[in-house]
Amino acid sequence: MTRTELLARLRTTPRWDVLVIGGGATGLGCAVDAAARGHSTLLLEAHDFAKGTSSRSTKLVHGGVRYLAQGRIGLVREALAERATLLRNAPHLVHPQRFVVPVYRQWDRLMLGVGLSAYDWLAGSRSLGASKLLSVAETIAALPTVRQWGLVGGIAYMDARFDDARLAITLMRTVLDLGGLALNYLPVEGLRREDGQVRGVEARDAERGERFTVAARVVINAAGVWADDIRRLDEPTTSSQLAPSQGAHVVVDRDFLPGDTALLIPHTADGRVLFIIPWQGKVLLGTTDTPRHDTPLEPRPLAAEIDFILDTASRYLTRPPTRSDVRSAFAGLRPLIGSGQGSATASLSREHVIQVSKSGLVSVAGGKWTTYRRMGQEIIDRAEAAGGLVRRASATENLRLHASPDSPSNDVLGTDRHSIAGLPGANRQIHPALSLSEAEVRYAARFEQARSVEDVLARRSRALFVDTTAASEAAPAVARILADELGWTEIQASEMTEAFHQLAEGFR
């Protein structure tokens, strides 16, 4: 459906059962769960789907080795169960990933072996393969560029990787498949009340300025790091619940870690772990945990964060990556549950909290991509009670997501690929360093609600996050195709191109 058709449906629906604010992992999970239960469902996103934190993760679907070390057994067990569910329901987006931990002290080899054996045990029948102690030779074979001096061996274990933004777009399409409605660029600016209860929102189309008064039986606040802002629309004096934390990542060329095995650095100077992961033909390194007192829409990695990642990786690689090797650098904000004062974020909870205000607004704080589906299920359980909806069982555990193929595939577009093949420009590549075709840009505009050059190059494809220079060079061509699809003038296409160039400067 075109945006015109989607907005028409919004205008002509008198009341929704469930209205979700926020188009990130949590909000999309809620909308899929509600729509799958048969509730009339609307999701409104202020910017683009996964514009914020949900496109800036470490690209892992995992139980969390670090959480196991912290004793958060319940969180790990739940996440490992959800990992299996995602592998089953989105085999084009989620794939098993082998990790190797290089070991330089025998004591670490013993302790890590015990910990990863517990990880295997918690996965149970959902295990992707047992962890294994490796010799020095086996470790080097798996990680050809690992630092060999002092190496005493390694430990291999299995987890999973995914494309976060692509999963978000797939969930949006799943909402539509289930009869729900999801719209981007429709910020919520106020809450609507009936008899003292929140029963809808005031929203605005950011593109044309049209305002909407939308009625709903229950409203869910899933705005991520901006959830406190929505809570204050309901209760202006409410205290902050979230303590945002910034996680930075850098991307370098594949020759820094050739092959398909990822590397886990188990102990960093700040008490975290660091991942070095093959991703999108490059290598992703991250992440950090830096407290923030603000929540910018476009956070930038701090120079100290980039230096920390590169310095830590250099201690484990034969060829140290430098600033000149960075192809892209990006940061995301985690909505951690805390005092709201932005301190000691490494120790704050990655779990989630669901609250229902006196006026019936359902708010969720915290959480992570791996458990998005389970969070959505729990939130809709609470929302049914808060909104007086008919209680229905969740149907998402075995719900295959949009375009899901019958077997694992490395094509993130899944069964949609055949539709793209019939569009103009299917065989015309946008840029020699990118796999993106002209037809994929047209498809993004027609069927995936892409409304800007950024939407295409940052989230419908991952060009901005993989190779910032190539993405910038491709921007004018993408703008010309979008102008043809969306009816832009030459001036609008030029403005969109320049806006993307300015954005890309922050990724260098």
Side-chain angles (χ1 to χ4, degrees), residues 1-6 23 28 32 48-51 55 59 89-95 161-178 181-185 279-282 399-467 470-471 473-488 493 496-497 500:
M1 297 177 70
T2 65
R3 186 173 182 84
T4 299
E5 292 169 329
L6 295 173
L28 289 161
V32 169
D48 187 27
F49 305 108
K51 161 68 176 177
S55 62
K59 323 306 176 194
N89 290 339
H92 55 317
L93 299 173
V94 186
H95 302 93
R161 71 181 189 280
F162 78 131
D163 185 328
D164 47 12
R166 253 296 143 192
L167 180 54
I169 301 305
T170 298
L171 290 172
M172 177 271 290
R173 297 291 302 276
T174 304
V175 172
L176 300 180
D177 292 345
L178 293 167
L181 178 60
L183 277 159
N184 54 0
Y185 297 103
W279 184 68
Q280 298 273 333
K282 302 287 186 181
L399 176 69
R400 305 280 287 196
L401 300 185
H402 177 83
S404 175
D406 293 332
S407 58
S409 167
N410 288 320
D411 188 344
V412 296
L413 292 165
T415 59
D416 282 341
R417 177 61 65 185
H418 70 275
S419 300
I420 295 169
L423 297 178
N427 297 316
R428 286 195 288 273
Q429 204 169 335
I430 294 294
H431 187 280
L434 304 174
S435 63
L436 182 67
S437 71
E438 176 186 329
E440 288 172 343
V441 178
R442 295 187 184 279
Y443 188 84
R446 295 184 190 185
F447 302 105
E448 297 181 339
Q449 299 195 53
R451 308 299 298 176
S452 71
V453 174
E454 178 193 341
D455 292 351
V456 171
L457 290 174
R459 288 171 292 279
R460 306 314 183 276
S461 78
R462 308 315 307 275
L464 179 63
F465 289 79
V466 171
D467 190 330
E473 292 170 354
V478 171
R480 286 193 294 271
I481 299 166
L482 290 178
D484 184 41
E485 291 290 330
L486 302 177
W488 293 348
M496 283 289 186
T497 300
F500 182 79

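Please read all numbers here as calculations on a predicted model, not as lab measurements.
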Quiz item: Taking 4.0 angstrom as the limit, do D164 and K59 come out as a salt bridge?
Solution: yes

Quiz item: Can you name the residues that form a salt bridge (Lys or Arg N to Asp or Glu O under 4.0 Å) with R3, not counting sequence neighbours?
Solution: D205, E207

Practice problem: Using the test side-chain contact (heavy atoms from CB on, under 4.5 Å), find all partners of S452 that sit at least two apart in sequence or belong to another chain. | Solution: Y185, E454, D455, M496

Quiz item: When rounded to the nearest 0.5 angstrom, what distance separates CG in L413 from NE2 in H402?
Solution: 9.0 Å

Quiz item: Quick one: CD on E438 to CG on D484, what's the gap to the nearest 0.5 Å?
Solution: 8.0 Å

Quiz prompt | CA sep, side-chain torsions, deciding dist, call: R173, L401, side chain to side chain contact (heavy atoms under 4.5 Å, CB included) | solution = CA-CA 8 Å; R173 297 291 302 276; L401 300 185; over 6 Å; no

Self-check item: Residue list, salt bridge (Lys or Arg N to Asp or Glu O under 4.0 Å) with R460, at least two apart or on another chain
Solution: D48

Quiz item: Is the backbone of M172 close enough, under 3.5 Å, to the side chain of Q449 for a donor and an acceptor to pair up by distance?
Solution: no

Quiz item: Roughly how far, to the nearest 0.5 Å, is CZ of F447 from CG of D416?
Solution: 9.0 Å

Practice problem: Enter the distance from I481:CD1 to I430:CD1 here, rounded to the nearest 0.5 Å. | Solution: 3.5 Å

Quiz item: Going by an N to O cut-off under 4.0 Å, is there a salt bridge joining R166 and E448?
Solution: yes

Quiz item: Is the shortest side-chain N to carboxylate O distance from E440 to R417 below 4.0 Å?
Solution: yes

Quiz item: Passes side chain to side chain contact (heavy atoms under 4.5 Å, CB included), F500 versus L464? Steps please.
Solution: CA-CA 10 Å; F500 182 79; L464 179 63; 3.9 Å; yes

Quiz item: Is there a side chain to side chain contact (heavy atoms under 4.5 Å, CB included) between F465 and Q280 once you walk through the steps?
Solution: CA-CA 9 Å; F465 289 79; Q280 298 273 333; over 6 Å; no

Practice problem: Please determine which of T2, L423, V441 meets the side-chain contact (heavy atoms from CB on, under 4.5 Å) test together with R446. | Solution: L423

Exercise. State the CG-CG distance between N410 and D163, to the nearest 0.5 angstrom.
Key: 12.0 Å

Quiz prompt | Spatial distance of atom CG (D467) from atom NE2 (H431) [nearest 0.5 Å] | solution = 7.5 Å

